[in-house]
Amino acid sequence: MNGIAVVPVPARVEPAPGVTFTLPPRAVIRSDSAAAGEALATALRPATGFALPVVERHTEPDIELRLGEPDPALADISEAPESGYEIVVESGRVVVRGRTEAGLFHGVQTLLQLFPSAVDSGTVQHGPWTVPGGRILDAPRYAYRGAMLDVSRHFFGVDALIRLVDELSRYKLNVLHLHLSDDQGWRIAVDAWPRLATVGGATQVGGGAGGCYTKAEFAALVAHAAARHVTIVPEIDMPGHTNAALSAYAQLNADGVAPGAYTGVDVGFSTLAVDREVTYDFVRDVLAEVTALTPGPYLHIGGDEAKSTSTEDYLAFMGRVQPMVTALGKTVVGWHQIGSARREPGRIVQYWGHEPEPDEDLRAALAAGDRVLLSPADRVYLDMKYDAGTRIGVDWAGHITTRTAYDWDPGTLLPGRPDVIGVEAPLWTETVATVADIDLLTFPRLAAVAEVAWSPQAARDWTSFRSRLAAQGPRWTLRGIGFHPDPEIPWV
Ligand code: IFG
């Protein structure tokens with residue numbers, strides 16, 4: 001296992017020099033978790049051409065995924081050992097051990113990266129399908145490791161989301177936050193307010209056709225993500241960033257007049273009518289229906305850039321809406337501006353500031369004891385250009401090369417050592433219209449963020465990362481990912 005090219009880097013790697021496992025054509029996978037077993041077999045079958053049956057019981061399996069107590073040392077390396085795993089590779093077999101199915105799934109992702117990169121081919125390739133011998137002990141640094149896609153500025157069909165879930169789960173990210181509403185588009189059907197879909201979802205930045213997920217489509221996405229231990233976090237951004245909803249229902253507007261659809265890229269001009277009772281009926285209905293669609297613990301209510309809402313109205317609005325989220329059994333997540341509003345127990349503020357801040361809203365949140373989800377705009381905002389030559393993207397938070405996205409410590413970013421639950425990389429889509437655009441801005445930087453969120457700081461360094469990342473290039477090419485060939489990476 002010397003020089004293995006796994007991203008994110010495992011916490012502990014113990015090579016067994018001279019030991020190699022070779023997957024035999026008639027190999028059998030015995031797994032205590034059907035999902036993890038199928039995830040492994042499904043990933044290996046196309047390139048190997050082997051049948052790779054997955055069974056619950058077998059006397060001499062070639063690969064074994066075992067639920068149980070992995071090495072107790074796992075608890076020494078992570079506060080989240082339940083998502084950790086142990087892999088032991090011997091000449092005659094591979095055993096992956098994890099306390100939970102998520103742990104086994106994460107072990108499977110690492111194991112796939114231990115096979116030659118040709119294993120990611122969609123067509124049968126020559127072997128031998130070897131895995132270097134040794135032992136890996138690994139578990140995540142943070143519990144929340146995420147990506148966000150803004151599907152409001154530009155709409156993307158469920159297939160694009162499923163493809164993104166598959167890719168982010170390969171790097172042990174476990175959250176996909178969907179920015180489902182904004183000025184330009186409403187993207188989730190709400191039965192009680194049907195014009196949100198038919199009017200609010202009718203267009204997008206640039207005037208294109210837009211779109212809106214049906215509940216059935218959204219449920220299919222949630223199920224697909226759950227099978228890969230990815231939680232969907234829905235965001236209904238309020239009270240600002242609401243022109244799509246305001247254009248669908250005149251009564252939500254302070255003057256009772258519905259504005260037209262908005263297809264530009266300005267921000268801060270819209271607000272729900274905070275002093276109308278119908279606004280809270282609207283919010284209550286929307287949050288209830290969105291909550292029913294997402295089994296995860298989080299509900300994101302936005303709260304950013306409410307420049308057309310007075311501070312008094314903003315605080316009043318948040319004071320009424322946050323308890324609605326708790327009443328629905330969910331944890332409030334909001335952009336860190338909600339730090340100025342009365343604290344809701346367990347609240348998480350998503351920090352999107354950049355050096356040299358933090359600002360007073362964050363200071364208020366930290367003083368209130370809020371937990372923090374880190375999305376520093378100058379580190380992980382994936383809509384930032386890599387450099388002046390990037391054909392799409394913006395640059396208000398500066399340029400973000402892969403190294404910029406990688407070379408920082410979430411444990412020391414903010415003063416006062418707040419309770420950081422994890423890291424999330426948002427992709428805003430004002431300038432992102434196609435899957436090729438998503439790929440260009442997302443890869444390789446999302447792999448960097450995945451390592452920042454998963455690996456111990458002590459196991460991380462740019463020199464090692466850049467060479468391990470280079471080995472992802474051929475795999476992305478085989479998987480049809482149109483990544484940015486960042487010149488700082490020694491691509492193979
Ligand atoms: N800030 C806005 C986003 C988007 C972004 C583009 C947040 C929380 C700039 N709000 O980031 O809606 O416009 O980089």
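As the structure lists them, so they are numbered: ligands from 1, and atoms in each ligand from 1. Heavy-atom basis, side chains included; hydrogens, waters and symmetry copies ignored. This structure is a prediction, so every number in the text was calculated from the model and none was measured.
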Quiz item: Do His179 and ligand 1 have an N or O pair less than 3.5 Å apart?
Solution: no
Quiz prompt | Which residues share a ring pair (Phe, Tyr, Trp, His ring centres under 6.0 Å) with Phe155, sequence neighbours left out | solution = Tyr213
Self-check item: Greater than 12 external heavy atoms within 6.0 Å of Arg417's CZ
Solution: no
Practice problem: Dump the intermediate steps for salt bridge (charged side-chain N to carboxylate O under 4.0 Å, His left out) on Arg342 and Glu344, then the final yes or no. | Solution: CA-CA 6 Å; Arg342 182 178 62 78; Glu344 191 68 14; 3.6 Å; yes
Quiz item: In terms of residue, atom name and distance, what is the protein heavy atom nearest to atom 6 (C) of ligand 1?
Solution: Asp383 OD2, 3.1 Å
Quiz item: Nearest protein heavy atom to atom 13 (O) of ligand 1, by residue and atom, and its distance?
Solution: Glu430 OE2, 2.6 Å
Quiz item: What residue and atom, counting heavy atoms only, is the protein's closest point to atom 10 (N) of ligand 1, and at what distance?
Solution: Asp304 OD2, 2.8 Å
Quiz item: Does a side chain donor of either Tyr298 or Thr231 reach within less than 3.5 Å of an acceptor in the other side chain?
Solution: no
Quiz item: Is ligand 1 less than 4.0 angstrom away from at least one heavy atom of His241?
Solution: yes
Quiz item: Among all protein non-hydrogen atoms, which one is nearest to atom 11 (O) of ligand 1, and what is the separation to 0.1 Å?
Solution: Tyr381 OH, 2.7 Å
Practice problem: Determine, stepwise, if the pair Asp409 / Arg141 fulfils salt bridge (charged side-chain N to carboxylate O under 4.0 Å, His left out). | Solution: CA-CA 11 Å; Asp409 179 355; Arg141 177 179 184 183; 2.9 Å; yes
Quiz item: Are Glu235 and His179 close enough that a side-chain donor and a side-chain acceptor fall under 3.5 Å?
Solution: yes
Quiz item: Does any N or O atom in Trp352 lie less than 3.5 angstrom from one in ligand 1, N or O only?
Solution: no
Practice problem: Output, in order, the C-alpha distance, side-chain angles, deciding distance and verdict of ring-ring contact (aromatic ring centres under 6.0 Å, His included) for Trp186 and Tyr249. | Solution: CA-CA 12 Å; Trp186 185 281; Tyr249 288 99; 9.4 Å; no
Quiz item: Looking only at distance, does Arg153 have an N or O less than 3.5 Å from an N or O of ligand 1?
Solution: yes
Practice problem: Under 4.0 Å from a heavy atom of Trp335: give me the atoms of ligand 1 that qualify, with their elements. | Solution: 8 (C)
Quiz prompt | Residue, atom name and distance, where the atom is the protein heavy atom closest to atom 2 (C) of ligand 1 | solution = Glu305 OE1, 3.2 Å
